[in-house]
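Order of listing sets the numbers, starting from 1, for every ligand and every atom in it.
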Amino acid sequence: MRILLLGGTWFLGRAVAENALARGWRVTTFNRGRSAPDLPGTEPVHGDRTSADDLKRLAGHGPWDLVVDTSASEMAPCQVLDGARVLAAEVERYVYVSTVNAYRGWPHEPLTEDSPVYAAPPDASREYGTGDGVTVHYAMQKAGCEAAVLSQCGDRATVLRPGVILGPGEYVGRLPWWLSRARRGGAILAPGEPGTHVQPVDVRDVAEFALTASPGAYNVAAPRDRDTMGDLLGVCVAVTGRRGRLAWAPNELLTAHGVREWTELPLWRTAKGTWAVDSRRAQAAGLVCRPLAQTVADTWEWLTSGGVAGGAKRGGVHGREPATGWCRGGPRGVATIG
Ligand SMILES: NC(=O)c1ccc[n+]([C@@H]2O[C@H](COP(=O)([O-])OP(=O)(O)OC[C@H]3O[C@@H](n4cnc5c(N)ncnc54)[C@H](OP(=O)(O)O)[C@@H]3O)[C@@H](O)[C@H]2O)c1
(Lines give C-alpha, C1' and ligand atoms only; values in the text may rest on other atoms or scores of the structure.)
Protein backbone atom coordinates (compact mmCIF):
# COMPACT_ATOMS: atom_id res chain seq x y z
CA MET A 1 0.00 0.00 0.00
CA ARG A 2 1.12 3.53 -0.74
CA ILE A 3 -0.47 6.35 1.21
CA LEU A 4 -0.33 10.12 1.28
CA LEU A 5 -0.78 12.03 4.53
CA LEU A 6 -1.73 15.69 4.31
CA GLY A 7 -0.03 16.67 7.54
CA GLY A 8 1.69 13.58 8.89
CA THR A 9 4.05 15.14 11.42
CA TRP A 10 1.76 16.37 14.19
CA PHE A 11 -0.55 14.60 16.69
CA LEU A 12 -3.17 12.70 14.66
CA GLY A 13 -1.23 12.81 11.39
CA ARG A 14 1.88 11.54 13.15
CA ALA A 15 -0.08 8.68 14.74
CA VAL A 16 -1.45 7.74 11.30
CA ALA A 17 2.08 7.79 9.87
CA GLU A 18 3.44 5.59 12.67
CA ASN A 19 0.62 3.09 12.20
CA ALA A 20 1.07 2.93 8.43
CA LEU A 21 4.85 2.50 8.71
CA ALA A 22 4.32 -0.34 11.22
CA ARG A 23 2.15 -2.05 8.58
CA GLY A 24 5.03 -1.81 6.13
CA TRP A 25 3.25 0.70 3.91
CA ARG A 26 5.02 3.42 1.92
CA VAL A 27 4.12 6.78 3.42
CA THR A 28 4.37 10.17 1.70
CA THR A 29 3.82 13.16 4.00
CA PHE A 30 2.98 16.66 2.81
CA ASN A 31 3.39 19.68 5.09
CA ARG A 32 5.35 22.92 5.32
CA GLY A 33 8.00 21.53 7.66
CA ARG A 34 7.07 23.97 10.44
CA SER A 35 5.19 22.10 13.16
CA ALA A 36 7.42 19.12 13.83
CA PRO A 37 10.26 17.13 12.27
CA ASP A 38 9.57 14.53 9.60
CA LEU A 39 9.06 11.02 10.88
CA PRO A 40 11.94 8.69 9.96
CA GLY A 41 10.86 6.19 7.33
CA THR A 42 8.39 8.52 5.62
CA GLU A 43 8.93 10.15 2.23
CA PRO A 44 8.40 13.85 2.99
CA VAL A 45 7.29 16.39 0.41
CA HIS A 46 7.39 19.92 1.78
CA GLY A 47 4.97 22.53 0.54
CA ASP A 48 1.91 24.59 1.39
CA ARG A 49 -1.47 23.14 0.53
CA THR A 50 -2.81 26.63 -0.11
CA SER A 51 -0.36 26.96 -3.04
CA ALA A 52 -1.50 25.68 -6.47
CA ASP A 53 2.12 25.14 -7.53
CA ASP A 54 2.93 23.09 -4.41
CA LEU A 55 -0.18 20.94 -4.90
CA LYS A 56 0.76 20.30 -8.51
CA ARG A 57 4.29 19.31 -7.45
CA LEU A 58 2.81 16.99 -4.81
CA ALA A 59 0.54 15.29 -7.37
CA GLY A 60 3.68 14.45 -9.37
CA HIS A 61 4.73 12.11 -6.53
CA GLY A 62 1.55 9.99 -6.88
CA PRO A 63 -0.39 7.82 -7.37
CA TRP A 64 -1.52 6.58 -3.96
CA ASP A 65 -4.01 4.00 -2.74
CA LEU A 66 -5.20 6.29 0.02
CA VAL A 67 -4.91 9.89 1.17
CA VAL A 68 -5.62 10.80 4.81
CA ASP A 69 -6.23 14.51 5.25
CA THR A 70 -5.34 15.53 8.80
CA SER A 71 -3.99 18.97 8.04
CA ALA A 72 -7.21 20.82 7.55
CA SER A 73 -8.14 22.22 10.97
CA GLU A 74 -7.29 25.72 9.76
CA MET A 75 -8.12 25.21 6.08
CA ALA A 76 -11.02 26.89 4.32
CA PRO A 77 -13.38 24.74 2.24
CA CYS A 78 -12.14 26.40 -0.98
CA GLN A 79 -8.56 25.38 -0.11
CA VAL A 80 -9.57 21.79 0.63
CA LEU A 81 -11.51 21.84 -2.64
CA ASP A 82 -8.42 22.92 -4.60
CA GLY A 83 -6.40 20.10 -3.03
CA ALA A 84 -9.10 17.47 -3.60
CA ARG A 85 -9.43 18.53 -7.27
CA VAL A 86 -5.73 18.03 -7.85
CA LEU A 87 -5.48 14.78 -5.89
CA ALA A 88 -8.73 13.08 -6.99
CA ALA A 89 -7.05 11.61 -10.05
CA GLU A 90 -4.05 10.42 -8.03
CA VAL A 91 -5.77 8.57 -5.17
CA GLU A 92 -8.12 5.62 -4.91
CA ARG A 93 -9.69 6.73 -1.63
CA TYR A 94 -9.79 10.01 0.30
CA VAL A 95 -10.19 10.06 4.10
CA TYR A 96 -11.08 13.48 5.46
CA VAL A 97 -10.84 14.09 9.21
CA SER A 98 -13.72 16.36 10.17
CA THR A 99 -15.28 16.77 13.63
CA VAL A 100 -18.56 16.35 15.52
CA ASN A 101 -18.71 20.17 15.46
CA ALA A 102 -19.90 19.85 11.86
CA TYR A 103 -23.32 18.79 13.18
CA ARG A 104 -25.87 21.52 13.74
CA GLY A 105 -26.93 19.79 16.96
CA TRP A 106 -23.55 19.52 18.71
CA PRO A 107 -23.21 19.95 21.71
CA HIS A 108 -26.89 20.29 22.51
CA GLU A 109 -28.47 17.09 21.12
CA PRO A 110 -27.64 13.40 20.89
CA LEU A 111 -26.08 12.69 17.48
CA THR A 112 -25.99 9.92 14.93
CA GLU A 113 -24.51 10.11 11.45
CA ASP A 114 -28.02 10.92 10.19
CA SER A 115 -28.16 14.15 12.21
CA PRO A 116 -28.05 17.28 10.05
CA VAL A 117 -24.67 18.85 9.27
CA TYR A 118 -24.22 22.58 8.59
CA ALA A 119 -24.97 23.36 4.95
CA ALA A 120 -21.77 25.13 3.95
CA PRO A 121 -20.73 25.42 0.29
CA PRO A 122 -17.68 23.42 -0.86
CA ASP A 123 -15.99 26.56 -2.21
CA ALA A 124 -16.60 28.73 0.89
CA SER A 125 -13.80 31.10 1.85
CA ARG A 126 -12.17 31.44 5.28
CA GLU A 127 -14.58 34.28 6.06
CA TYR A 128 -17.69 32.11 5.63
CA GLY A 129 -19.60 31.86 8.92
CA THR A 130 -17.44 34.39 10.79
CA GLY A 131 -20.44 36.32 12.07
CA ASP A 132 -21.72 33.33 14.04
CA GLY A 133 -19.11 33.00 16.78
CA VAL A 134 -15.86 31.05 16.99
CA THR A 135 -17.40 27.62 17.55
CA VAL A 136 -19.96 27.91 14.77
CA HIS A 137 -17.38 29.36 12.38
CA TYR A 138 -15.15 26.32 12.89
CA ALA A 139 -18.20 24.05 12.51
CA MET A 140 -19.27 25.65 9.25
CA GLN A 141 -15.74 25.60 7.87
CA LYS A 142 -15.38 21.89 8.65
CA ALA A 143 -18.80 21.12 7.13
CA GLY A 144 -17.75 23.00 3.99
CA CYS A 145 -14.49 21.03 3.87
CA GLU A 146 -16.47 17.78 4.03
CA ALA A 147 -18.60 19.02 1.11
CA ALA A 148 -15.45 19.91 -0.82
CA VAL A 149 -14.00 16.39 -0.50
CA LEU A 150 -17.34 14.75 -1.30
CA SER A 151 -17.78 16.93 -4.39
CA GLN A 152 -14.52 15.56 -5.85
CA CYS A 153 -14.33 12.01 -4.50
CA GLY A 154 -17.99 11.04 -3.90
CA ASP A 155 -18.31 7.40 -2.94
CA ARG A 156 -14.51 7.08 -2.70
CA ALA A 157 -14.56 9.43 0.32
CA THR A 158 -14.55 8.60 4.02
CA VAL A 159 -15.52 11.36 6.45
CA LEU A 160 -14.46 10.87 10.07
CA ARG A 161 -16.11 13.01 12.74
CA PRO A 162 -14.15 12.61 15.98
CA GLY A 163 -15.21 14.22 19.22
CA VAL A 164 -12.33 14.98 21.59
CA ILE A 165 -9.07 13.22 20.72
CA LEU A 166 -6.65 12.51 23.58
CA GLY A 167 -3.44 10.54 23.97
CA PRO A 168 0.32 10.94 23.65
CA GLY A 169 1.20 14.11 21.73
CA GLU A 170 -1.99 15.96 22.68
CA TYR A 171 -0.91 19.55 22.23
CA VAL A 172 -4.25 21.18 23.10
CA GLY A 173 -3.43 20.44 26.72
CA ARG A 174 -6.71 18.96 27.96
CA LEU A 175 -5.52 15.70 29.49
CA PRO A 176 -2.01 17.06 30.16
CA TRP A 177 -3.59 19.81 32.26
CA TRP A 178 -5.58 17.34 34.36
CA LEU A 179 -2.50 15.16 34.80
CA SER A 180 -0.32 18.03 35.95
CA ARG A 181 -3.10 19.23 38.24
CA ALA A 182 -3.41 15.76 39.78
CA ARG A 183 0.35 15.53 40.22
CA ARG A 184 0.35 18.77 42.24
CA GLY A 185 -1.94 17.05 44.78
CA GLY A 186 -4.21 18.54 47.42
CA ALA A 187 -7.94 18.98 46.89
CA ILE A 188 -8.64 18.91 43.17
CA LEU A 189 -11.77 20.67 42.00
CA ALA A 190 -13.65 18.04 40.03
CA PRO A 191 -16.49 19.38 37.89
CA GLY A 192 -20.08 18.17 37.95
CA GLU A 193 -20.97 14.59 38.85
CA PRO A 194 -18.47 11.70 38.91
CA GLY A 195 -20.98 9.57 37.00
CA THR A 196 -21.23 11.91 33.98
CA HIS A 197 -20.32 9.95 30.87
CA VAL A 198 -17.48 11.15 28.65
CA GLN A 199 -16.32 9.85 25.27
CA PRO A 200 -12.76 10.91 24.49
CA VAL A 201 -11.11 8.74 21.86
CA ASP A 202 -7.44 7.78 21.76
CA VAL A 203 -5.43 9.33 18.93
CA ARG A 204 -3.96 5.92 18.06
CA ASP A 205 -7.43 4.39 17.71
CA VAL A 206 -8.53 7.21 15.38
CA ALA A 207 -5.36 6.61 13.37
CA GLU A 208 -6.03 2.88 13.06
CA PHE A 209 -9.61 3.52 11.96
CA ALA A 210 -8.54 6.17 9.43
CA LEU A 211 -6.44 3.55 7.66
CA THR A 212 -9.08 0.83 7.62
CA ALA A 213 -12.54 2.46 7.41
CA SER A 214 -14.54 1.96 4.25
CA PRO A 215 -16.17 4.94 2.49
CA GLY A 216 -18.98 6.75 4.29
CA ALA A 217 -19.37 9.03 7.32
CA TYR A 218 -18.53 7.90 10.84
CA ASN A 219 -18.69 9.40 14.30
CA VAL A 220 -15.41 8.55 16.01
CA ALA A 221 -15.84 8.51 19.77
CA ALA A 222 -15.60 6.01 22.61
CA PRO A 223 -18.79 4.04 23.34
CA ARG A 224 -21.43 6.33 24.88
CA ASP A 225 -21.92 4.71 28.26
CA ARG A 226 -18.49 3.24 28.91
CA ASP A 227 -16.41 5.89 30.73
CA THR A 228 -17.21 8.61 33.25
CA MET A 229 -15.61 11.84 34.42
CA GLY A 230 -14.96 10.03 37.70
CA ASP A 231 -13.07 7.28 35.85
CA LEU A 232 -11.03 9.84 33.94
CA LEU A 233 -10.00 11.97 36.91
CA GLY A 234 -9.58 8.94 39.16
CA VAL A 235 -7.01 7.48 36.76
CA CYS A 236 -5.26 10.87 36.54
CA VAL A 237 -4.86 10.81 40.32
CA ALA A 238 -3.72 7.17 40.32
CA VAL A 239 -1.07 7.38 37.57
CA THR A 240 0.46 10.57 38.99
CA GLY A 241 1.16 9.02 42.38
CA ARG A 242 -2.09 9.46 44.32
CA ARG A 243 -1.10 12.85 45.69
CA GLY A 244 -4.50 14.50 45.53
CA ARG A 245 -8.15 13.85 46.23
CA LEU A 246 -11.08 14.79 44.05
CA ALA A 247 -13.52 17.33 45.50
CA TRP A 248 -16.64 17.30 43.34
CA ALA A 249 -18.51 20.54 42.83
CA PRO A 250 -21.92 20.71 41.14
CA ASN A 251 -22.27 22.40 37.77
CA GLU A 252 -24.43 25.18 39.20
CA LEU A 253 -21.82 26.10 41.78
CA LEU A 254 -19.05 26.29 39.20
CA THR A 255 -21.20 28.35 36.87
CA ALA A 256 -22.10 30.70 39.71
CA HIS A 257 -18.36 31.23 40.32
CA GLY A 258 -17.83 32.08 36.66
CA VAL A 259 -15.71 29.02 35.89
CA ARG A 260 -15.49 28.71 32.11
CA GLU A 261 -16.57 25.40 30.64
CA TRP A 262 -14.36 23.39 28.30
CA THR A 263 -11.30 25.61 28.56
CA GLU A 264 -10.81 26.55 32.21
CA LEU A 265 -11.66 23.09 33.46
CA PRO A 266 -10.85 21.00 30.39
CA LEU A 267 -13.41 18.46 29.18
CA TRP A 268 -16.11 19.87 31.51
CA ARG A 269 -19.15 20.91 29.52
CA THR A 270 -22.73 20.93 30.70
CA ALA A 271 -24.58 20.91 27.35
CA LYS A 272 -26.55 17.69 27.18
CA GLY A 273 -25.26 16.50 23.81
CA THR A 274 -21.55 16.99 24.46
CA TRP A 275 -20.96 13.33 25.21
CA ALA A 276 -24.01 11.85 23.49
CA VAL A 277 -22.40 10.89 20.21
CA ASP A 278 -23.48 7.55 18.79
CA SER A 279 -20.35 5.82 17.47
CA ARG A 280 -21.84 2.36 16.89
CA ARG A 281 -21.50 2.64 13.11
CA ALA A 282 -17.75 3.15 13.45
CA GLN A 283 -17.46 0.33 15.98
CA ALA A 284 -19.32 -2.01 13.62
CA ALA A 285 -16.89 -0.92 10.88
CA GLY A 286 -13.82 -1.73 12.99
CA LEU A 287 -13.20 1.14 15.41
CA VAL A 288 -11.74 -0.32 18.59
CA CYS A 289 -11.38 2.08 21.52
CA ARG A 290 -8.71 1.08 24.00
CA PRO A 291 -9.48 1.50 27.72
CA LEU A 292 -9.46 5.13 28.87
CA ALA A 293 -7.03 4.17 31.65
CA GLN A 294 -4.48 3.19 29.01
CA THR A 295 -4.84 6.53 27.21
CA VAL A 296 -4.31 8.38 30.49
CA ALA A 297 -1.33 6.26 31.58
CA ASP A 298 0.38 6.52 28.18
CA THR A 299 -0.15 10.29 28.08
CA TRP A 300 1.44 10.60 31.51
CA GLU A 301 4.36 8.49 30.33
CA TRP A 302 4.73 10.74 27.28
CA LEU A 303 4.66 13.87 29.43
CA THR A 304 7.17 12.53 31.95
CA SER A 305 9.53 11.40 29.22
CA GLY A 306 9.85 14.88 27.77
CA GLY A 307 6.59 15.36 25.85
CA VAL A 308 5.47 18.97 25.81
CA ALA A 309 1.79 19.86 25.65
CA GLY A 310 1.52 22.93 23.49
CA GLY A 311 4.36 21.65 21.33
CA ALA A 312 6.52 23.82 19.15
CA LYS A 313 3.65 24.98 17.03
CA ARG A 314 1.17 26.68 19.30
CA GLY A 315 0.50 26.99 23.00
CA GLY A 316 -2.09 24.85 24.74
CA VAL A 317 -5.26 26.82 25.21
CA HIS A 318 -7.00 24.67 27.77
CA GLY A 319 -6.85 24.91 31.51
CA ARG A 320 -4.31 27.66 31.49
CA GLU A 321 -6.17 30.68 32.73
CA PRO A 322 -8.07 29.96 35.91
CA ALA A 323 -10.27 32.90 36.81
CA THR A 324 -9.70 32.26 40.49
CA GLY A 325 -7.12 30.26 42.38
CA TRP A 326 -9.72 28.40 44.34
CA CYS A 327 -13.39 27.75 44.61
CA ARG A 328 -15.29 27.13 47.83
CA GLY A 329 -17.90 24.48 48.07
CA GLY A 330 -16.51 21.16 46.98
CA PRO A 331 -18.02 18.59 49.29
CA ARG A 332 -14.94 18.69 51.47
CA GLY A 333 -14.28 22.40 51.48
CA VAL A 334 -11.77 24.25 49.36
CA ALA A 335 -10.46 22.81 46.12
CA THR A 336 -7.96 24.42 43.80
CA ILE A 337 -8.63 24.92 40.14
CA GLY A 338 -5.21 25.68 38.77
N1 LIG B 1 -7.66 17.46 18.49
C2 LIG B 1 -8.92 17.12 18.59
O3 LIG B 1 -9.44 16.86 19.70
C4 LIG B 1 -9.76 17.01 17.33
C5 LIG B 1 -11.10 16.69 17.47
C6 LIG B 1 -11.88 16.55 16.32
C7 LIG B 1 -11.30 16.71 15.07
N8 LIG B 1 -10.00 17.04 14.94
C9 LIG B 1 -9.42 17.20 13.59
O10 LIG B 1 -8.33 16.32 13.45
C11 LIG B 1 -7.47 16.80 12.41
C12 LIG B 1 -6.05 16.65 12.84
O13 LIG B 1 -5.79 17.56 13.86
P14 LIG B 1 -4.31 17.76 14.41
O15 LIG B 1 -4.47 18.66 15.56
O16 LIG B 1 -3.65 16.44 14.58
O17 LIG B 1 -3.54 18.48 13.21
P18 LIG B 1 -3.66 19.97 12.62
O19 LIG B 1 -3.12 20.98 13.59
O20 LIG B 1 -4.99 20.18 12.05
O21 LIG B 1 -2.64 19.86 11.37
C22 LIG B 1 -1.30 19.90 11.59
C23 LIG B 1 -0.55 19.25 10.42
O24 LIG B 1 -0.90 19.87 9.17
C25 LIG B 1 0.25 20.47 8.57
N26 LIG B 1 -0.18 21.73 7.95
C27 LIG B 1 -0.83 22.76 8.55
N28 LIG B 1 -1.05 23.76 7.68
C29 LIG B 1 -0.55 23.34 6.47
C30 LIG B 1 -0.47 23.92 5.18
N31 LIG B 1 -0.93 25.16 4.92
N32 LIG B 1 0.08 23.20 4.19
C33 LIG B 1 0.57 21.96 4.41
N34 LIG B 1 0.53 21.35 5.62
C35 LIG B 1 -0.01 22.04 6.63
C36 LIG B 1 1.20 20.68 9.75
O37 LIG B 1 2.55 20.72 9.36
P38 LIG B 1 3.31 22.14 9.09
O39 LIG B 1 2.82 23.12 10.13
O40 LIG B 1 4.73 21.76 9.23
O41 LIG B 1 2.92 22.55 7.72
C42 LIG B 1 0.93 19.42 10.58
O43 LIG B 1 1.62 18.28 10.06
C44 LIG B 1 -7.92 18.24 12.12
O45 LIG B 1 -8.60 18.26 10.89
C46 LIG B 1 -8.87 18.57 13.27
O47 LIG B 1 -9.87 19.47 12.86
C48 LIG B 1 -9.20 17.18 16.05
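Polar contact with ligand 1: absent for T99 (N/O pair, distance under 3.5 Å). Among the atoms of S73, some N or O lies under 3.5 angstrom from an N or O of ligand 1. Considering both main-chain and side-chain atoms, M75 never comes within under 3.5 Å of ligand 1 through any nitrogen or oxygen pair. The shortest N/O to N/O separation between I165 and ligand 1 falls below 3.5 Å. At a 3.5 angstrom cut-off on N or O pairs, G33 counts as close to ligand 1.
With a 4.0 Å cut-off on non-hydrogen atoms, S98 touches ligand 1 through its backbone and not its side chain.
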Note to self: Assess the residue pair D54 and R57 against the criterion (salt bridge (Lys or Arg N to Asp or Glu O under 4.0 Å)); give the C-alpha distance rounded to whole Å, side-chain angles, the decisive distance to 0.1 Å, and a yes or no.
What the structure shows: CA-CA 5 Å; D54 288 359; R57 185 167 47 82; 3.4 Å; yes
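By the 6.0 Å contact criterion, CD on E92 is open, its count of non-hydrogen atoms from other residues, nucleotides or ligands being 12 or less. By the 6.0 Å contact criterion, CZ on R280 is open, its count of non-hydrogen atoms from other residues, nucleotides or ligands being 12 or less. Environment of CD in Q294: crowded, with over 12 heavy atoms of neighbouring residues, nucleotides or ligands closer than 6.0 Å.
Of the options Y138, F30, Y171, the smallest heavy-atom separation from atom 15 (O) of ligand 1 is shown by Y171. Of the options R49, R161, R174, the smallest heavy-atom separation from atom 32 (N) of ligand 1 is shown by R49.
Heavy-atom contacts of G47 reach the following atoms of ligand 1: 32 (N), 33 (C) (cutoff under 4.0 Å). Each of the following atoms of ligand 1 lies closer than 4.0 Å to a heavy atom of V97: 9 (C), 10 (O), 11 (C), 45 (O). Taking every heavy atom of R34 and a limit of under 4.0 angstrom, the matching atoms of ligand 1 come to 38 (P), 39 (O), 40 (O).
Distances from ligand 1 to the non-hydrogen atoms of G163 include at least one value under 4.0 Å. Every heavy atom of Y96 sits 4.0 Å or more from the atoms of ligand 1. Ligand 1 has K142 within reach: a non-hydrogen atom of the residue lies less than 4.0 Å from it.
Ring planes of W275 and W262: tilted class, angle from 30 to 60°.
Checked for salt-bridge contact, D65 and R2 miss the test: no charged N lies under 4.0 Å from a carboxylate O.
Judged as a salt bridge (Lys or Arg N to Asp or Glu O under 4.0 Å), and not counting sequence neighbours, R14 has no contacts.
At least one cation-pi condition fails for R161 and Y218: the charged atom is not both under 6.0 angstrom from the six-membered ring centre and inside a 45 degree cone around its axis.
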Please table the atom pairs, donor to acceptor, closer than 3.5 Å between any side-chain atom in residues 77-90 and protein atoms at least two apart or in another chain.
from: Q79; atom 1: OE1; to: A76; atom 2: N; distance (Å): 2.9

